[in-house]
Asks: 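Here it is, the structure, as C-alpha cells.
Throughout, protein chains are lettered first and strands after them, A, B, ... in sequence-line order, and every chain is numbered starting at 1.
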Number of protein chains: 2
Amino acid sequence: MTEDHLHRIRHKPLRERVVSAEEAASLIRDGMVLGMSGFTRAGEAKAVPLALAERAKAQPLKVTLMTGASLGNDLDKTLAEAKVLSRRIPFMSDPALRRAINAGEVMYIDQHLSETVEQLRTGQLPPVDIAIVEAVAITETGGIVPTTSVGNSASFALLAEKVIVEINLSQPEALEGLHDIYIPTYRPTRTPIPVVTPESRVGFPFIPVPPERIAAIVVSTKLDSSSTIEAPDAETRAIAGHLTEFLKNEVAHSRLPGHLHPLQAGIGTIANAVLHGFIDSPFHDLTMYSEVLQDSTFDLMDAGKMVFASGSSITLSAPKYRDVMARFHEFKPRLVLRPQEISNHPEVVRRLGLICINTALEFDLYGNVNSTHVMGTQMMNGIGGSGDFARNAYLSVFVTKSMAKDGRISSVVPMVSHVDHTEHDVDILVTEQGLADLRGLAPRERARVVLQNCVAPEWRDALADYHDRALARGGHTPHLIEEALSWHDRLRRTGSMRPE
Amino acid sequence: MTEDHLHRIRHKPLRERVVSAEEAASLIRDGMVLGMSGFTRAGEAKAVPLALAERAKAQPLKVTLMTGASLGNDLDKTLAEAKVLSRRIPFMSDPALRRAINAGEVMYIDQHLSETVEQLRTGQLPPVDIAIVEAVAITETGGIVPTTSVGNSASFALLAEKVIVEINLSQPEALEGLHDIYIPTYRPTRTPIPVVTPESRVGFPFIPVPPERIAAIVVSTKLDSSSTIEAPDAETRAIAGHLTEFLKNEVAHSRLPGHLHPLQAGIGTIANAVLHGFIDSPFHDLTMYSEVLQDSTFDLMDAGKMVFASGSSITLSAPKYRDVMARFHEFKPRLVLRPQEISNHPEVVRRLGLICINTALEFDLYGNVNSTHVMGTQMMNGIGGSGDFARNAYLSVFVTKSMAKDGRISSVVPMVSHVDHTEHDVDILVTEQGLADLRGLAPRERARVVLQNCVAPEWRDALADYHDRALARGGHTPHLIEEALSWHDRLRRTGSMRPE
C-alpha cells in the first residue's frame, strides 16, 4: 500500500489504525448490529461489507444491517446471497435482497427515513455495535468528512460502540465543506431545528466523533454505482407537462410565487423527468430541499433555473457524475448535504412548505397511494422518504404512468392493495393522461376527477362501472367491498387485471 | 335585553354592534363559507347557527361549514336536518350529519386537524366569508377571548372578511388568560414555532382581530354540551393495565423517565379510561400536550399525578364541568389552550416526543389501523388529530376492545377495510387481551405478536388460519388478496364476521 492516503487522515495518531478491509471486517461478530453509510447508491462503505461477505463463505454469520437507504455496488445483493443479513433497516432496492425479503429469509423493517435514528437514540431499536462510514478525510480533531451522502452516517457513528472509517481515495477531496452535520437535541427538551431555508447551515462540516472510538481505518478506491434512471420518454414528458401547467396556474392565481416553493422529488425516472421538465418552464430561482440530488438538479442549475439544492445524497448517471465532479467548484457553493433526519424532518418539511413530487406504484379512485407492495404482498423497495415529505408538504404530488406491463395493469384501481399514503396526504395525482387536483374534495368528488383525468382510456369504463355500482350502495367512500381487490386477484391469477 | 353583557365588551365602540342572533345570521348568504368556533363539543358558536337553521326553513340556503372539530348542542344535527350544509370540514361526530354524509348529501372533507388552516391561508381551500366565534369577552383593543376551545377560531377570525362574535354570558370570565394564540408565519419563510414544552406561552391571550372587522356581536347563554364518554369498564381497565405495565417496563429499561413524556390522548371512552388508569400508576409529574382535555386530565391533577396540560379544548362530563369551573383558579395556572394547528403541529409533536394514545376502529395483523370507516365505506367521525399525533409520536399507541357488537365483529382483522394509519405509524397495539409491541419488527413478526397478544380467543384460530395460508403463499406482507376483505363482506351480508 502506498502512503497516498495518509494526508487524508489529518489526525495523526489515527494513521496507526489503518488496516486491511479483512482485518476491519474481523471486528464484526455474529449477531451484531451494523450502521453503515450509504443513501440511494451514494457514499456507502464498500470494502468492509465485501470483505464481510467473503468471510461469511467460510465462517457463516448473521447481522442486522442499517443504512441510510439503498446501496450501490451490488452490496445488498452480495450480502443477501452470502446470507449475512438477518434484518435490514430502513430501505433497499436490490432485486436479490427483495427476493430474500419476500421469501421471509430477511426481516425487513420498512421505515420513514427520518425516523430510524430517532428510534435508535431512544433505545427503541437495538443499539449499533459498529458503524462503517465512507469518508473523504478525517480532520485534525478526528472528525469524519463523508463522501457523496450523509444518510444516517452521523448518528450511526455517534451512537455506535466502534467506528470503522473507509477513506475512499476516488472520492474527490473537494467534497469537504459540502456537508452540514446537525443532530437534534434529546427529547422531550429538544430545541427547534434551526433550518429555515434550503441554504441554512447549522452544523459541522464533519461528523464530530471522539477519535478513540475510531477502531479501524480502511483505504478504498471503488466509485459509487451510477444511477439507474432512464431518459424521459413521451409519457414522462406528458406528466411533466401536466404538472408544469398546473403550477403555472397556481402562480397565476397567486397561490405560489414565480420561484415556486422549495422542491422535493423522489428518486427514479419519473420524478427526475418531471424536474427535467422545469427546464422549459417559466419558473425561475428554484430551490430544492430533497433527499436525493439527481441529474435533473444539476441540469436545472446549468439551465440557470435553480439557485440552490439541499439533499442527503448526490446520485448521478455516469456521464453526469464525471461532468459534475470536473467542475465541482461551480456547484459547491449552491449545495449542501444533510443527515436524512434533517433533509426529511417533518418540522423542516412543513416549515419550508415544500412542493413534493413522489412516485406511486398505484393509486385508487379516492386518492390513496400504494408505493411499496405489488398485489398487496410483494415488497418492491420501501416507503423511503415519501411519507416524511407527502404528509407535511405544501403540495403533495404523486406521479405514475397510467398503465404498466404493456397495459395489463392499470395504475388506477378501485382500491389500492396496500396503503402507504392515505387520502389525507395526497393533493395532486398525475399520469400521462392528465392531472387530478384533489384539494378540498370529498371522496365522491375525487373519484370523478380521477376518472376524468388520470385513467387510461382502455380502463376508464371498467373503473367508472365499479364506481357507479359502488355509488348505488352508498357510503362516504363508496366501495363494493367484495370486489374492491378483485383487479389485483385477477392479476395474481392471470397476469393481467383484464376481465377473463 | 339587560346590559349585563356590556362590561364584557371592553372596546366601547363595539358595543354598538350588538344585534340579535337573527340579525347576525342575516349576514350569511347562500353559498358562503363559514368558519365557526367549536372543538369536540366545546366552545362552539351557538345562537347564530341555530338562527341560521331556523331561517333556512323559510328561506333555503347552503353553506360550507368549517369548524375546529365536532360541535355540541346538536348543531350539526340541526344544520344537517335543515339542509343548510353543502360541505363540512374537517371533523364531525353527529349521527344525523353522518347519515347525510354517507348518503352523499353533504360533501365531507375529512382532514388532519392541523392542516385545515394551512390550506386556508394559502388559498388551497375557498376563503372564509364569515367567522363566527364564541367568546367570554372582547378586550380593550378588540381582541376576542375564546371560551372553552380555540380550535381553528383564531385563523378563521383573522382570515375572514367579517367576524361575528357570540359573547356567552354562561362561560365564566375566569377563562380569560387561559388561551395562547400563536399563528405560524407564512411559508416558505416561516420561523420555528417557539413551543418547546407543554407550558410554553408564545402568543396572545386573545385573538387579535382589527375591531372594524367585527361585523356583529350576539349575546348568548347556552352552555356547552357535556361529554358523552362512558365510565371505565372491565375491558377498558384491562387496556389501561396492559399499557401501564408496558410503560413501567420502558421506565425500568431507561427508555422513558419516571414522569414519562408529555401525553396525548384521543377523545373518547377508551382513551379517557387509559389516562384514568395512570391515577394508580407509579408515574408522577405527568404533563399533557393534547387536543382535548377530558375528565381524566383533571382527575390526574387532583390525584397529584399531573402537573400541566396543554390542549385545544376542555370537554367534560356535566359533574366534572361544575367541579372544575367552581375551582377554576386552582387549575388555571396549570392549563393552556392553543389553536389546533399548534396543539397538533407535527413540528411540536415530534419535538416534544409525545406518547400518543388513540383509538382504533379496527387494526390488522400487520399493524395498519382504520379509525374512520365501517366496512371500508361508511364514515364514522373522521381521522381528527390522530394522524398528526401518531405519525410524529415518540410512541404511537392505538387502543381498542378486541371485539364489537357482542362478539360478531373482531376488531383485529386480516386486512383493514380502510387505512388511516399505516404500519409505519403504529408502535403499540392494545386490546383488553394484551399488548403488541411492534417496534423494530417486520410484518411477519408483527403478525405473530398481534395473534399472540391482541386477538379475542374466539377469533384467534380463524385469524391464525388466514395468516398460515397467506404465509404459504409468501411475500413481505403475506395476504390472500382474494380473501383479505372477506370478513368485512360477511359482516355486510350477514351482520357478523363469523363464517356462515
Asks: Looking only at heavy atoms and a cut-off of under 4.5 Å, which of His488(A), Met375(A), Arg87(A) has the most pairs with chain B?
Replies: Arg87(A)
Asks: For the atom pair CD (Glu250(B)) and CG (Asp437(B)), what is the distance rounded to the nearest 0.5 Å?
Replies: 6.5 Å
Asks: Under a 4.5 Å heavy-atom cutoff, which of Arg255(B), Arg490(B), His424(B) has the most pairs with chain A?
Replies: His424(B)
Asks: Check whether any side-chain heavy atom of Thr287(B) lies under 4.5 Å from a side-chain heavy atom of Leu352(B), and answer yes or no.
Replies: no
Asks: Measure Glu482(A) against the heavy atoms of chain B and call it side chain, backbone, both or neither at under 4.5 Å.
Replies: both
Asks: If you count heavy-atom pairs under 4.5 Å between each of Asn368(A), Thr372(A), Val196(A) and chain B, which one has the most?
Replies: Val196(A)
Asks: Name the option with the most non-hydrogen atom pairs under 4.5 Å to chain B; the candidates are Glu445(A), Arg493(A), Glu118(A), Gln378(A).
Replies: Glu445(A)
Asks: Of the backbone (N, CA, C, O) and the side chain (C-beta and beyond), which part of Tyr366(A) lies under 4.5 Å from a heavy atom of chain B, both, or neither?
Replies: neither
Asks: Hey, does Leu260(A) have a side-chain heavy atom less than 4.5 Å from the side chain of Leu286(A)?
Replies: yes
Asks: Check whether Ser417(A) gets within reach of chain B through its side chain, its backbone, both or neither, counting any heavy atom under 4.5 Å.
Replies: both
Asks: Passes side-chain contact (heavy atoms from CB on, under 4.5 Å), Val369(B) versus Val416(B)? Steps please.
Replies: CA-CA 7 Å; Val369(B) 169; Val416(B) 288; 6.0 Å; no
Asks: Need one label for Leu125(A): side chain, backbone, both or neither, based on atoms under 4.5 Å from any heavy atom in chain B.
Replies: side chain
Asks: Determine the option with the most heavy-atom pairs under 4.5 angstrom with chain B, choosing from His112(A), Met379(A), Arg439(A), Arg473(A).
Replies: His112(A)
Asks: Tell me which one of His418(A), Met380(A), Met415(A) satisfies side chain to side chain contact (heavy atoms under 4.5 Å, CB included) with Asn370(A).
Replies: His418(A)
Asks: Which atoms of Met107(A) are under 4.5 Å from chain B, going by heavy atoms: the side chain, the backbone, both sets, or neither?
Replies: both
Asks: Can Glu341(B) and Arg121(B) be said to form a salt bridge (charged side-chain N to carboxylate O under 4.0 Å, His left out), step by step?
Replies: CA-CA 12 Å; Glu341(B) 184 182 15; Arg121(B) 72 166 68 94; 2.8 Å; yes
Asks: Measuring heavy-atom distances to chain B, does Arg391(A) have an atom under 4.5 Å in its side chain, in its backbone, in both, or in neither?
Replies: both
Asks: Specify which of Arg446(B), Glu423(B), Arg351(B) makes the most heavy-atom pairs with chain A at under 4.5 Å.
Replies: Arg351(B)
Asks: Under 3.5 Å, is there a donor on one side chain and an acceptor on the other for Arg350(B) and Ser114(A)?
Replies: yes
Asks: Please check this pair: side chain of Gln124(B) against backbone of Tyr394(A), looking for a donor-acceptor N/O pair closer than 3.5 Å.
Replies: yes
Asks: Assess the residue pair Phe363(B) and His421(B) against the criterion (ring pair (Phe, Tyr, Trp, His ring centres under 6.0 Å)); give the C-alpha distance rounded to whole Å, side-chain angles, the decisive distance to 0.1 Å, and a yes or no.
Replies: CA-CA 9 Å; Phe363(B) 60 82; His421(B) 307 287; over 10 Å; no
Asks: Less than 4.5 Å to any heavy atom of chain B: does that hold for the side chain of His253(A), its backbone, both, or neither?
Replies: neither
Asks: Which atoms of Arg444(A) come close to chain B, meaning under 4.5 Å heavy atom to heavy atom: side chain ones, backbone ones, both, or neither?
Replies: side chain
Asks: Measure distances from Ile193(A) to the heavy atoms of chain B and classify the residue's part below 4.5 Å as side chain, backbone, both or neither.
Replies: backbone
Asks: Would you give the length of the straight line joining atom CZ of Phe389(B) to atom CG of Leu113(B), rounded to the nearest 0.5 angstrom?
Replies: 8.5 Å
Asks: Is it the backbone or the side chain of Ser254(A) that comes under 4.5 Å from a heavy atom of chain B, or both, or neither?
Replies: neither
Asks: Between chain B and each of Gln111(A), Glu115(A), Gln119(A), count heavy-atom pairs under 4.5 Å; write down the option with the most.
Replies: Glu115(A)
Asks: At a heavy-atom distance under 4.5 Å, which candidate from Leu441(B), Thr197(B), Ile89(B) has the highest pair count against chain A?
Replies: Leu441(B)
Asks: Between Thr189(A), Val348(A), Ile383(A), which residue shows the highest count of heavy-atom pairs closer than 4.5 Å to chain B?
Replies: Ile383(A)
Asks: Heavy-atom distance under 4.5 Å between the side chains of Leu120(A) and Met66(A), does that happen here?
Replies: yes
Asks: Could you walk me through whether His345(A) and Val195(A) pass side-chain contact (heavy atoms from CB on, under 4.5 Å), step by step?
Replies: CA-CA 10 Å; His345(A) 203 292; Val195(A) 173; over 6 Å; no
Asks: Below 4.5 Å from any heavy atom of chain B, which atoms of His479(A) appear? Answer side chain, backbone, both or neither.
Replies: both
Asks: With a 4.5 angstrom heavy-atom cut-off, could you sort out which part of Asp427(A) is near chain B: side chain, backbone, both or neither?
Replies: side chain
Asks: Yes or no on side-chain contact (heavy atoms from CB on, under 4.5 Å) for Asn392(B) and Glu347(A), after CA distance, side-chain angles and deciding distance?
Replies: CA-CA 10 Å; Asn392(B) 298 293; Glu347(A) 172 173 338; over 6 Å; no
